[in-house]
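Input: a single structure, listed below in structure tokens.
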Protein chains: 2
Amino acid sequence: MVDYKAPLRDMQFLLEELAGLDEIAGLPGCEEASGDLVAAVLEEAGRFAAGVLAPINRAGDVQGCRLDGDGRVHLPDGWKAAYERFSEAGWIGLSLPQAWGGQGLPRVLSTAVWEMWFSTNMAFAMLPQLNVSQAEALLIAGDAAQKETWLRKVVSGEWGSTMNLTEPQAGSDLAATRCRAEPQADGSYRVFGQKIFISYGEHELTGNIVHLVLARLPDAPAGVKGLSLFIVPKYLLGADGEPGARNDVRCISIEHKLGIHGSPTCTMSYGDGGGAVGYLLGAPNRGLETMFIMMNEARFGVGIQGVGLGERAYQFALAHARERVQGRDAVSGESGRPILCHPDVKRMMLSMRARVMAMRALLYAAAGWFDRARHHPDAEVAAKCRRYVDLLMPVAKGWCTEVGNEVCDDAIQVFGGMGFVEETGIAQFFRDARIITIYEGTTGIQGNDLIGRKILREKGETLHELVADMGTTLEALHVAGGLDEIAAGLAENLAALRLAMDWVLGEGGERPGEVLAGAVPFLMLLGTVCGGWQLARAALAAQRRLQGGAAEGGGEGSDPTYLQGVVELVRFYFATFGPQAAAHAATVCRAGPSLERFPEAAF
Amino acid sequence: MVDYKAPLRDMQFLLEELAGLDEIAGLPGCEEASGDLVAAVLEEAGRFAAGVLAPINRAGDVQGCRLDGDGRVHLPDGWKAAYERFSEAGWIGLSLPQAWGGQGLPRVLSTAVWEMWFSTNMAFAMLPQLNVSQAEALLIAGDAAQKETWLRKVVSGEWGSTMNLTEPQAGSDLAATRCRAEPQADGSYRVFGQKIFISYGEHELTGNIVHLVLARLPDAPAGVKGLSLFIVPKYLLGADGEPGARNDVRCISIEHKLGIHGSPTCTMSYGDGGGAVGYLLGAPNRGLETMFIMMNEARFGVGIQGVGLGERAYQFALAHARERVQGRDAVSGESGRPILCHPDVKRMMLSMRARVMAMRALLYAAAGWFDRARHHPDAEVAAKCRRYVDLLMPVAKGWCTEVGNEVCDDAIQVFGGMGFVEETGIAQFFRDARIITIYEGTTGIQGNDLIGRKILREKGETLHELVADMGTTLEALHVAGGLDEIAAGLAENLAALRLAMDWVLGEGGERPGEVLAGAVPFLMLLGTVCGGWQLARAALAAQRRLQGGAAEGGGEGSDPTYLQGVVELVRFYFATFGPQAAAHAATVCRAGPSLERFPEAAF
């Protein structure tokens, strides 16, 4: 097993140069996020991830979860102790409001911290991640009493959280939800129905589990406009606010899955014994709106999983590539050298690093937009940042999860035969990663969201704004000089993006089927270009630091080898992944017609 | 679980139109391969695959293999009965010489048949596949007595076969082989050493197991020129030629793997008890040459695994996409329709089908070259076909296995959350497939072989010949008319290939590191273009059949919906995968310099 080393230098560099850490620390409400505090938190998180979460990751995979005859779910050994330390350290509330027990730190910081949790133990980290999502829902939709009752314990982690959307007939299509809720005289509800794929639906780590359940009120309109959200606790609260009697909800089976074995995926049954007591959260029939806001947060989190798993897979593969001796150096003919000297192995390693950095660059930049959207005093700046977040959320989720999978796949390839052997440990990341392009909306769903809701609905306005900003970076590259391949690459990518964008906007109204056939290629195109854009900004910053010499801060981030490496990495990205942009753009514009003409009977 | 349906129509169409089945049936030694016989064999194989191999595939995955305390390896239930039926039916010898008990049928037929075995149970099919590879080795290198002793029972399947190359320190680098063999007075040898990753190294399905072991003679030259091949049976033969005493070879552990659980991957120990009796196969120190010929066969077989797994994953996903109802039709707004109506799902299904057909088209065409190389009376034709086989072997292996993995990955995506659940069955194909880009030489090794041995060594001569042949297809497309997008796509692809080819040939001598950095992208480029080339030929043939109407043979292969589907599929291939060619070509030409400049310390 390869020790985890938090990529603090990369994180720090990207937070400073791309996310605008300094600027964000100057925003009202973010004052605590000083450079020193951020560095200290990152370091502490790195230690926690390496020391507490990484060591139990493989054991959790091997042992998995078990449902016993009494409906109890047993989590892997080590989960309980790690969870206690995790919640006691206050990690759940890192970027949740101080008013409810959180630390109120900005998203840019928590994004880097969550990357570490996902790198070292994704199956475990899904548990506190659910608390964060649920806290957001309670903040958005809860009334004062509900916040008082539930929110604080969710933020502290004393109670666990779940999100209950999926039913057997209602997966991506929530309109088909059948779960129902009947109002009671006391203002509460009785919830009935079955939910599947509920992560951490049952366990005994926490004193209670707060289920958020999507269900229909009697006489609710059909479809998604008739869905309401209910708080359904595992244990009903006594007069003292403490968990008391068992509610009518239980786990009836858990899935045997390809990966994330340490995270129990439960089928939950509500109301078998007469009705599960629930409390309406937010307005009736407006459940989906709350769910969507919360899901946006969760989707961003899944994008971070892509980076986290990719980073860890990269670390595994790098350790192997530096250690394993095999064959001769293709150029010098020397033998006895590690396989990293083979051009193809170096290519794989550099490909992995370039994509991890591109994903991270995009997500950290997006986290900066989040923080500005929430805290920036200039309403125009805040609004623009909100537009960028909204536009790019499906890209952050869809592209980072697809690319995260590719990186894990490459890591196995670097290990060769050893990669296929489970004991090596890398196969787990490959298996774990396979869920991330699926849950919280498949890549196809993200693509449709991007094309339909985020681009066509507003006639591409924000996308045009984004492309103009990329043009500014391109100009800066020209001004800076010495970065010609990067400038040429970004220019090529922008041309490809404009081509596809014009086609989508031009055909979108007339030929929706053809345009949607290119939704995922368009998403991959936009991800590739945005990742390259952010990396181009990173190259500019690295060059500036190189030219500034030690004057710029000092510390690891001013090491010339590192900074030169960043510039070369960005060149490599544009040489290797840049050309994909034109390919995706061509597919967007060309694939639709034959897709539509292909007779279904010919499959 | 989804029933397997052999894709007989596709197979028949491609064998007739691309592999040249009629022509091959007219070659000396291939006379038995009449259209009727081929159809009958395919049908029977399809029944066998669906009825015998498919039903035990998942059980084999779940149960896996077990090594007991006595060194016995227990295979999954059902393996023994299936193997008896498989060998009794004579499937092992399908394309092996009649003189040794085979049926002497051409490679074009056996390629399609093996595709079915791999589709339905790859872990099982690896066992008889080893017999075929070993039979080739015995045919190449065995003397008359050795053939008499070993070959017939390997062809019949009465005895099992293994190939023993890898050692802990000698994976891709066989030069590091340490296993040794000491000559004995009686002309035999004593073999000592440990081999790892030995598929079916131990089991009790067969009366004996014939191990082929790569080892060094005393005073053999260092490196790969000092390797010899030895026949080391599990049981020594008595005077009657029947298995008698146990030889000094045993399985000391089996691997816990990501996939192919039904295939035991053994660590084999030779000579722990004084020396394993072995017999030199072929000339001393020439073991690698024999191994390479055999490996070429095996590599082609692994390419077929890519198609087989891809086809089966496609069938799974298609069944789900036709069955699962979710959401509304994006265009008509209708609800209650299966997800195949969603443009993105249809895109995934069409992508899968297009790539499976492209791989199959290339492999069947290559199988036709194999047969002509061996049997064509015109020495020039035979020599050209041999050149094509040699050039494209790394592509058949490398590209088809990479693409096979992509297709299995897409299949999971079509299933969404259900795809991540092991019971669905599709995850197994995804896991099983992950080994095929690794064993018998990783994709990186294939890329280096392609660039180094197959292109640079002969200054691109055969590649130029191949490109000229593709040009002929392009002309035919122009003449035929009505296939403009396909012609434009092929022309674009050829331009991309020429660009990369010229760069490789131009820089190959001076900058080997940079060129090898593009080896895998070049392999993917050549695969993409060759697959497209063969599909373009398929589109021409389909159009010709459509224009010829029922006159052309009749039967399923003349169904206009099917033929129209082929033409649209090829259009879709060029719209979706064609653009990748230019991207790969750009990467080939651009990635090397930044790869070389990137400082290893900056990883």
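To find a chain, count down the sequence lines: A is the first, B the second, and so on, and within it residues start at 1. Values below: all heavy atoms of this structure, side chains included; hydrogens, waters and symmetry mates excluded.
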Residue, of [options], that accumulates the most heavy atom pairs under 4.5 Å with chain A:
options: B:F415, B:Y562, B:F430, B:Y439; answer: B:F430
options: B:A519, B:C589, B:G417; answer: B:G417
options: B:L563, B:I438, B:V515; answer: B:I438
options: B:T561, B:I339, B:I412; answer: B:I412

Please look at [X] and chain B and tell me whether the side chain, the backbone, both or neither of the residue comes under 4.5 angstrom of a heavy atom of that chain.
X: A:F598; value: both
X: A:P338; value: neither
X: A:T443; value: both
X: A:A591; value: both
X: A:Q428; value: neither
X: A:Q326; value: both
X: A:D329; value: neither
X: A:I260; value: both
X: A:R431; value: both
X: A:Y314; value: side chain

Portion of [X] that has a non-hydrogen atom of chain A nearer than 4.5 angstrom:
X: B:L569; result: both
X: B:P7; result: neither
X: B:R353; result: side chain
X: B:R511; result: neither
X: B:L340; result: both
X: B:M348; result: neither
X: B:E492; result: side chain

Report the option among [options] that has the most heavy-atom pairs separated by less than 4.5 Å from atoms of chain B.
options: A:G565, A:A601, A:A585, A:G447; answer: A:G565
options: A:A582, A:G259, A:A175; answer: A:G259
options: A:R328, A:R324, A:M418, A:R9; answer: A:R324
options: A:Y573, A:F574, A:F572; answer: A:F572
options: A:R590, A:E255, A:H256; answer: A:H256
options: A:A586, A:G327, A:A427, A:P521; answer: A:G327

Closest approach of A:P343 to B:A517 (non-hydrogen atoms, all atoms of both residues):
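Smallest heavy-atom distance, with atoms named: CB-N, 3.6 Å.
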Over all heavy atoms of both residues, which pair between A:V421 and B:F197 is shortest? Give the atoms and the distance, please.
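A:V421 and B:F197 have their closest heavy atoms at CG2-CE2, 4.0 Å.
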Check: A:E485 and B:S594 side chains under 4.5 Å, non-hydrogen atoms
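No - every pair of side-chain heavy atoms lies 4.5 Å or more apart.
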Nearest 0.5 Å please: distance from the CG atom of A:L595 over to the CZ atom of B:R347.
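A:L595 atom CG to B:R347 atom CZ measures 9.0 Å (nearest 0.5 Å).
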Reported CD-to-CZ distance for the pair B:E600 and A:R322, which is rounded to 0.5 angstrom
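The CD atom of B:E600 sits 7.0 Å away from the CZ atom of A:R322.
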CA sep, side-chain torsions, deciding dist, call: A:T587, B:F577, side-chain contact (heavy atoms from CB on, under 4.5 Å):
CA-CA 8 Å; A:T587 302; B:F577 302 104; over 6 Å; no
For the pair B:R434 (side chain) and A:D409 (backbone), establish whether a donor and an acceptor sit closer than 3.5 Å, ignoring hydrogens and angles.
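Pair found, side chain donor or acceptor close to backbone of A:D409.
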Does the side chain of B:Q413 come under 3.5 Å of the side chain of A:T442 through a donor N or O and an acceptor N or O?
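Their side chains do not contain a donor-acceptor pair, so the 3.5 Å distance test is not met.
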